[in-house]
Enquirer: 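This is the structure, below, for whatever I ask next.
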Amino acid sequence: MNSATVRNLLVRGMLAGLGAGVLALVVAYVLGEPSVNSAIGFEEAHSHEHEMEVVSRTLQSTAGLATGVLVYGVAFGGIAALAFCFALGRVGRFGPRATALLLSGTALLAVYVVPFLKYPANPPSVGDPDTIGKRTTLYFLMMVLSVLLAVAATQLGKRLAPSLGTWWATVVAVAAFVVVIGLAYQFLPVVNEVPKDFPAALLWRFRLSALAVQAVLWGGFGLLFGELAERQLHPAPARASSGHTVPASN
């Protein structure tokens, strides 16, 4: 791709990330905020200390939530668009739409789902404030490891494809990824700071909503960006008012 094409795809990726962010914002507000409010209520009912709010809860759940989700959507959309430019044509004979969906699905798995299964998201009132640095480090370590292993598994599959065929090469690559991730799950420290009296149903709802937000964000991006990339790379021929196709000028 030339620089102009990459630049156009980057802009489209950021726009698709913004659109996906709007969808994820709706899910976060409808599904996630009730669980957050319940968790805060639990914390206040079991705490004897009353801290002054620097930012009101209303502002946090509206403008604050919207800013965080939309900025994140635009940022990851730009990064994903650059990854798309590199991946197109290198991961198989897929068109722009299929490549965008494959990329977003793989990114969802490697960047979020794999770390989430080891270190799931927790609502307010769950977790020791003194261990937040350790927990953050472990989460990002798991995320980086997952991304690197996903790249390595992709390269392994490509190397094995000529001898094993695409199907079995993919099976072997996925199996290798699962085995190594399983070893990482086994050897990395376990973090379990959920209070014994914390409602299990509330914890479950919060984690499901967090997963739903990410699934909508990445899935929405794959669909939106795939369509925008398809129109950019394979523009439909213009049609005259009579209905006949007009060849595109060079």
Enquirer: Considering only Ile, Leu, Val, Met, Phe, Trp and Tyr, and joining two whenever side-chain heavy atoms are under 4.5 Å apart, list the other residues clustered with V171.
Expert: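 Members other than V171 - counting any ILVMFWY side chain reachable under 4.5 Å - are L156, L160, L164, W167, W168, V172.
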Enquirer: Say you draw a straight line from CG of L223 to CG of L228; how long is it, rounded to the nearest 0.5 Å?
Expert: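 Nearest 0.5 Å value for the CG-CG distance: 11.0 Å.
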Enquirer: List in chain and number order the residues that pass side chain to side chain contact (heavy atoms under 4.5 Å, CB included) with L208, two or more places apart in sequence or in another chain; answer none if no residue qualifies.
Expert: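 Partners of L208 by the side chain to side chain contact (heavy atoms under 4.5 Å, CB included) criterion, ordered by chain and then number, come out as W204.
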Enquirer: State whether the side chain of S104 and the backbone N or O of L101 hold a donor-acceptor pair below 3.5 Å, judged by distance alone.
Expert: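 At least one qualifying donor-acceptor pair exists.
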Enquirer: Begin with the C-alpha distance, continue with both residues' side-chain angles, and end with the deciding distance and a verdict on side chain to side chain contact (heavy atoms under 4.5 Å, CB included) for F187 and L183.
Expert: CA-CA 6 Å; F187 289 106; L183 292 174; 4.2 Å; yes
Enquirer: Give me the atom names and distance for the closest heavy-atom approach of G157 to A169.
Expert: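 Closest approach of G157 to A169, heavy atoms only: O-CB, 3.4 Å.
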Enquirer: Quick check: is V180 connected to L141 through a chain of hydrophobic side chains (ILVMFWY, heavy atoms under 4.5 Å apart)?
Expert: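 Yes; V180 is reachable from L141 via cluster members.
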Enquirer: Are V69 and Y29 linked, directly or through intermediate hydrophobic residues, by side-chain heavy-atom contacts shorter than 4.5 Å (ILVMFWY only)?
Expert: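 Same cluster: Y29 reaches V69 through Ile, Leu, Val, Met, Phe, Trp or Tyr contacts under 4.5 Å.
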Enquirer: As an exercise, state the distance from OG of S146 to CG of L117, rounded to the nearest 0.5 Å.
Expert: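 Nearest 0.5 Å value for the OG-CG distance: 9.5 Å.
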Enquirer: Sequence neighbours left out, what passes ring-ring contact (aromatic ring centres under 6.0 Å, His included) with F116? Give chain and number order.
Expert: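 Result, ring-ring contact (aromatic ring centres under 6.0 Å, His included) vs F116: Y112.
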Enquirer: Taking all heavy atoms of P96 and all of H234, pick out the closest pair and write down the distance.
Expert: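 P96 and H234 have their closest heavy atoms at CD-CE1, 3.7 Å.
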Enquirer: Under 4.5 Å between side-chain heavy atoms, hopping through other hydrophobics if needed: is there a path connecting L70 to L15?
Expert: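 The answer is no; the residues belong to distinct hydrophobic clusters.
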Enquirer: Let me confirm one number: the OG1-CZ distance from T154 to R159, rounded to the nearest 0.5 Å.
Expert: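 Going from the OG1 atom of T154 to the CZ atom of R159 covers 12.5 Å.
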Enquirer: Partners of R97 by side-chain hydrogen bond (donor to acceptor under 3.5 Å, both in side chains), sequence neighbours excluded?
Expert: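 Partners of R97 under the side-chain hydrogen bond (donor to acceptor under 3.5 Å, both in side chains) test: E227.
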Enquirer: Could you grab the distance from atom NZ of K158 to atom OG1 of T170, nearest 0.5 Å is fine?
Expert: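 Between atom NZ of K158 and atom OG1 of T170 there are 12.0 Å.
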Enquirer: List for me each residue that meets side chain to side chain contact (heavy atoms under 4.5 Å, CB included) alongside M142, sequence neighbours excluded, and say none if there are none.
Expert: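 By the side chain to side chain contact (heavy atoms under 4.5 Å, CB included) rule, M142 matches V114, P115, K118, Y119, L145, I181, A184, Y185, L188.
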Enquirer: Could you give the distance from CZ (R135) to CD1 (I132), rounded to the nearest 0.5 Å?
Expert: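 One finds 5.5 Å between CZ of R135 and CD1 of I132.
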Enquirer: Each residue besides V71 in its hydrophobic cluster should be listed here, by chain and number; the cluster joins Ile, Leu, Val, Met, Phe, Trp and Tyr at side-chain heavy-atom distances under 4.5 Å.
Expert: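 Its cluster mates, by chain and number: none.
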Enquirer: At their closest point, which heavy atom of S209 faces which heavy atom of G32, and how far apart are they?
Expert: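 Shortest heavy-atom contact: OG-CA, 3.7 Å.
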Enquirer: Other than V213, which residues form its hydrophobic cluster under the rule that side-chain heavy atoms must be closer than 4.5 Å?
Expert: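 Listed partners: L23, V26, V27, V30, L31, V216.
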Enquirer: Quick one, L233 and T5 - any side-chain contact, counting heavy atoms below 4.5 Å?
Expert: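 Counting from C-beta outward, L233 and T5 do come under 4.5 Å.
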Enquirer: How would you list all residue pairs meeting ring pair (Phe, Tyr, Trp, His ring centres under 6.0 Å) that involve residues 209-228, not counting sequence neighbours?
Expert: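 Every ring pair (Phe, Tyr, Trp, His ring centres under 6.0 Å) pair that includes a residue of residues 209-228, provided the two are not neighbours, is F76-W218, F76-F221, F84-F225, F221-F225.
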Enquirer: Which heavy atom of A173 sits nearest a heavy atom of A153, and at what distance?
Expert: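 Shortest heavy-atom contact: CB-O, 3.2 Å.
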Enquirer: Tell me, please, which residues at least two apart from L203 pass side chain to side chain contact (heavy atoms under 4.5 Å, CB included).
Expert: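 Per chain and number, L203 pairs via side chain to side chain contact (heavy atoms under 4.5 Å, CB included) with N122, P123, V194, F198, R207.
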Enquirer: Considering residues at least two apart in sequence or located in another chain, which fulfil the side chain to side chain contact (heavy atoms under 4.5 Å, CB included) criterion with L148?
Expert: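 For L148 the side chain to side chain contact (heavy atoms under 4.5 Å, CB included) partners, ignoring immediate neighbours, are V144.
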Enquirer: Minimum heavy-atom separation for S35 and L202, please, with both atom names.
Expert: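 Answer, listing the atom of S35 first, then L202: O-CD1, 3.6 Å.
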Enquirer: Which value, rounded to the nearest 0.5 Å, describes the distance between C85 atom SG and R7 atom CZ?
Expert: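 Here the interatomic distance stands at 12.0 Å.
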